[in-house]
Amino acid sequence: MATLLVRNLDDELVRLLKQRARSHNTSAEAEHRAILEAALRPGGESFAARCRRLREETRGRIHGDSTLVIRADRDRRNGHHRGS
C-alpha cells in the first residue's frame, strides 16, 4: 500500500477530521482513508463504512462461537460425528 502525505491543511479542517473520527470511534488516519475512499469510489460503500454499519446493525445481539460452527462443518465433511 502507498503512503499519502497531506501538507498545509487548515487547522479547523484537522479539528473537524479528528472530531468526525471520534464520532465514528476510529483514528483520524482511518477516517481520512474512509473519506478518500467514499469520494473516489462513490458507487460503493467503503470497507470502513460497511464495518461501521454492520457494527451498528448487530449491536446488542448475542453472537455464538464461530469456531463451533466451523468445527461441526469440518467434522461433517470429514465423516466424523461427535458423540458417537
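Numbers here simply count residues along the sequence, with the first being 1. This is a predicted model, so every value here is computed, not measured.
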Review point. What do you reckon, is CZ of Arg53 surrounded by more than 12 foreign heavy atoms closer than 6.0 Å?
Key: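 Enclosed.
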Exercise for review: Give a yes or no on whether Leu5 atom CG has more than 12 heavy-atom contacts from other residues, nucleotides or ligands under 6.0 Å away.
Suggested key: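 Count over threshold, so yes.
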Exercise for review: Let me know which of Arg20, Gln19, His24 forms a side-chain contact (heavy atoms from CB on, under 4.5 Å) with Arg22.
Suggested key: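 Single pass found, and it is Gln19.
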With sequence neighbours excluded, what pairs up with [X] under the salt bridge (Lys or Arg N to Asp or Glu O under 4.0 Å) test?
X     : answer
Asp73 : Arg76, Arg77
Arg59 : Glu56
Arg52 : Glu31
Arg55 : none

**Study point:** Which residues share a side-chain hydrogen bond (donor to acceptor under 3.5 Å, both in side chains) with Arg61, sequence neighbours left out
**Key:**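 Result, side-chain hydrogen bond (donor to acceptor under 3.5 Å, both in side chains) vs Arg61: none returned.
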**Study point:** Test item: Arg15 and Asp11 side chains (from C-beta on) under 4.5 Å apart, heavy atoms
**Key:**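 Of all side-chain heavy-atom pairs linking Asp11 with Arg15, none is under 4.5 Å.
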For the [atom1] atom of [X] and the [atom2] atom of [Y], what is their distance to the nearest 0.5 Å?
X     : Y     : atom1 : atom2 : value
Leu16 : Asp10 : CG    : CG    : 8.5 Å
Ile70 : Asp75 : CD1   : CG    : 12.0 Å
Leu17 : His32 : CG    : NE2   : 7.0 Å

Check your understanding: Does a side-chain N-to-carboxylate-O contact under 4.0 Å join Arg33 and Glu29?
Key ->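 Judged by the 4.0 Å cut-off on N to carboxylate O distance, Arg33 and Glu29 do form a salt bridge.
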Exercise for review: Each residue besides Val6 in its hydrophobic cluster should be listed here, by chain and number; the cluster joins Ile, Leu, Val, Met, Phe, Trp and Tyr at side-chain heavy-atom distances under 4.5 Å.
Suggested key: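 Members other than Val6 - counting any ILVMFWY side chain reachable under 4.5 Å - are Leu4, Leu9, Leu13, Val14, Leu36.
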